[in-house]
Each structure stands twice: as structure tokens, then as C-alpha cells.
Amino acid sequence: MIVFINDRPIRLVGPKAAAQLTNPALANHPEFIDYDQIVDARLEVLKPDALHGHLLIINATPATVNKLLTLLQKADAGKLLSITLGCLNKDDCEEAIKKPFKIIKAAGGVVFKGDKMLLMFRRGVWDLPKGKLDNGESSRQGAAREVQEETGVQVYVSERICTTWHTYTLNGNRILKRTKWYKMAVVNDSRMAPQTEEDIEKLAWFDRRETKLALTNSFSSIRYVFDQLDL
């Protein structure tokens, strides 16, 4: 599970995966992270000065998660890049990270037209079409509906790309949005137009290189979806 809190990725892994993260033999692996700090939750208290660079917390428990969420609310985390939680029990830690939030289920998609992808510019950043599911609606149905409402493009929904979780505050409530992302193909884009009621200013078809450049002005969770694509 990966959760984006204040646009910072927090990845939760089980004890076996956590052991691999500190294995020196894997230092040359392409996905190896050179952590700036490693905290053992059994031996030391998590403090605000640990929130910088890439942080690994091993032997994490639900109590560790609660302490971390409190720190992220109160401490200056401007220099924090990512957190990996090596959990003694991954399921328990996942429940702890969800508990303080109201969970909203959503779905969205990466729409392809040949080798180009559809992005939309909203509230000063590039984004992907997505939105909250209606009652009784499946993720696939909701993803296709949201794409059509926000962009005017009719799509065919194919395989799922990934699931993201990200937090925000709405009317004083702490929200954790779960979004299932799907790969999609254009069926009809003759009525393509931005949904201005949702503050969407413009739509654009970008190739892979253009998309990667555009997403430098986006959210970490959206860049994560792009990175999960098998291109």
C-alpha cells in the first residue's frame, strides 16, 4: 500500500520486504533507495528531525503509525521526500493509517489515443480525469463516467493500472481518497471539451515525453500512476 499524505508518498511493506530494504547485497538494484535516515521503532522515539529526505522506519506498529500521522500534522516536513514503513504486521498498520480519515472511493483513467495520453489542466497543475463513485457504481463504470463528464471523451476501459490513496481536508474533515486507475482507449472524442464547472481549463494530448514533462507540474500521486504504466 502507498498513501500520499501532504503529497508525500508513504509506502507500507511487510517484515520480509522491509528486511530486503536494508540488505547491502541489493544496493545496486534499480529500485534500491539510499535512505537518508533509518529509525527502528522498537529502539527509538520518532522525532520531527527524522522527517527529511528518504526515511525508513522499521519494526513499525499501529502506535508508530499514529505517532507519524501526528508528526505530519504538526511538524515541518518541507524537506521530507518519502517514508517507507516496515511493519511488523502490515494489515494492522494499514488499518491504523486509514482510521483517522473518512474514506471516499473514486476511479479515474489514463486515456490513450494512439501513442498519446489525455491530460487536463486544473487549478494550476496537470491532472488526470477522476472522481467519486456514485452509489452502486463499479470502479470501471465510475472511471468511464468521470472521464466523459470531465473531458467529453467516450472511452473503452481496459486493464487496471494501480490504486492510489491520497489525503486532503474538506470542510474540516480529513479525507482519504482511494482511487482505482484504469488504462483506457478513445471511442469518440468529437465532443472533447473541458468541464469548466470542475475548474478544468484545458485538455491536451501528449506523447510520453511531453506527458513526463507536463507532470513535473502535478501531484506525486499522479506521477506515480504514470510510472506504473507499462509503456
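Starting from 1, each residue takes its place in the sequence as its number. Just so you know, these numbers use all the heavy atoms, side chains as well, and skip hydrogens, waters and symmetry mates.
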At what distance, to the nearest 0.5 angstrom, does [atom1] of [X] lie from [atom2] of [Y]?
X: Leu12; Y: Asn89; atom1: CG; atom2: CG; result: 11.0 Å
X: Met192; Y: Leu203; atom1: CE; atom2: CG; result: 5.0 Å
X: Lys79; Y: Asp36; atom1: NZ; atom2: CG; result: 12.0 Å
X: Gln141; Y: Leu133; atom1: CD; atom2: CG; result: 9.5 Å
X: Gln195; Y: Glu201; atom1: CD; atom2: CD; result: 14.0 Å
X: Ser218; Y: Lys212; atom1: OG; atom2: NZ; result: 14.0 Å

Quick one, Val65 with Lys99, criterion side chain to side chain contact (heavy atoms under 4.5 Å, CB included). Give me CA distance, side-chain angles, the key distance, then yes/no.
CA-CA 10 Å; Val65 172; Lys99 189 174 181 179; over 6 Å; no
Pairwise side-chain contact, [X] with [Y], heavy-atom cut-off 4.5 Å (strictly under):
X: Pro100; Y: Arg174; answer: yes
X: Leu72; Y: Ile10; answer: yes
X: Leu119; Y: Leu215; answer: yes
X: Tyr224; Y: Cys162; answer: yes
X: Leu68; Y: Leu51; answer: yes
X: Ser139; Y: Arg178; answer: yes
X: Arg208; Y: Leu229; answer: no
X: Lys98; Y: Leu176; answer: yes

Heavy-atom pair with the smallest gap, counting every atom of [X] and [Y]:
X: Ala50; Y: Gln37; answer: CA-OE1, 3.7 Å
X: Cys93; Y: Ala60; answer: SG-O, 3.7 Å
X: Arg8; Y: Leu81; answer: CD-O, 4.2 Å
X: Met120; Y: Leu128; answer: CE-O, 3.4 Å
X: Gly86; Y: Ala18; answer: CA-CB, 3.7 Å
X: Phe112; Y: Trp205; answer: C-CZ3, 4.1 Å

Do [X] and [Y] sit in the same hydrophobic cluster, where Ile, Leu, Val, Met, Phe, Trp and Tyr count as joined when their side-chain heavy atoms come under 4.5 Å apart?
X: Leu118; Y: Val155; value: yes
X: Ile38; Y: Leu80; value: no
X: Leu69; Y: Val39; value: yes
X: Val186; Y: Ile161; value: no
X: Ile5; Y: Ile103; value: yes

Only pairs at least two apart or in different chains count here, so list each ring-ring contact (aromatic ring centres under 6.0 Å, His included) that has a residue in residues 165-191.
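Sorted pair list: His166-Tyr168.
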Carefully, step by step, assess Val110 and Phe226 under the rule side chain to side chain contact (heavy atoms under 4.5 Å, CB included).
CA-CA 8 Å; Val110 182; Phe226 175 76; over 6 Å; no
Please list, chain by chain and in numerical order, all residues satisfying ring-ring contact (aromatic ring centres under 6.0 Å, His included) with Phe121, sequence neighbours excluded.
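With sequence neighbours excluded, Phe121 shows a ring-ring contact (aromatic ring centres under 6.0 Å, His included) to Trp126, given in chain and number order.
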Criterion side chain to side chain contact (heavy atoms under 4.5 Å, CB included) on Asn59 and Leu43, from CA distance to verdict
CA-CA 9 Å; Asn59 298 312; Leu43 302 176; over 6 Å; no
Within the distance-only criterion (no hydrogens, no angle test), does the side chain of [X] pair as donor or acceptor with the backbone N or O of [Y] below 3.5 angstrom?
X: Gln148; Y: Ala144; value: no
X: Asn217; Y: Gly124; value: yes
X: Glu95; Y: Asp92; value: no
X: Glu150; Y: Lys130; value: yes
X: Asp40; Y: Arg42; value: yes
X: Ser158; Y: Lys183; value: yes
X: Thr179; Y: Ala106; value: no
X: Asp7; Y: Ser220; value: yes
X: Asn173; Y: Ile175; value: no

Identified side-chain contact (heavy atoms from CB on, under 4.5 Å) counterpart of Leu85 within the set Ile58, Val3, Thr61, Ile57:
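Answer to the side-chain contact (heavy atoms from CB on, under 4.5 Å) test with Leu85 among Ile58, Val3, Thr61, Ile57: Ile57.
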Are there more than 12 heavy atoms of other residues, nucleotides or ligands under 6.0 Å from atom CZ of Phe206?
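Result for CZ/Phe206: enclosed.
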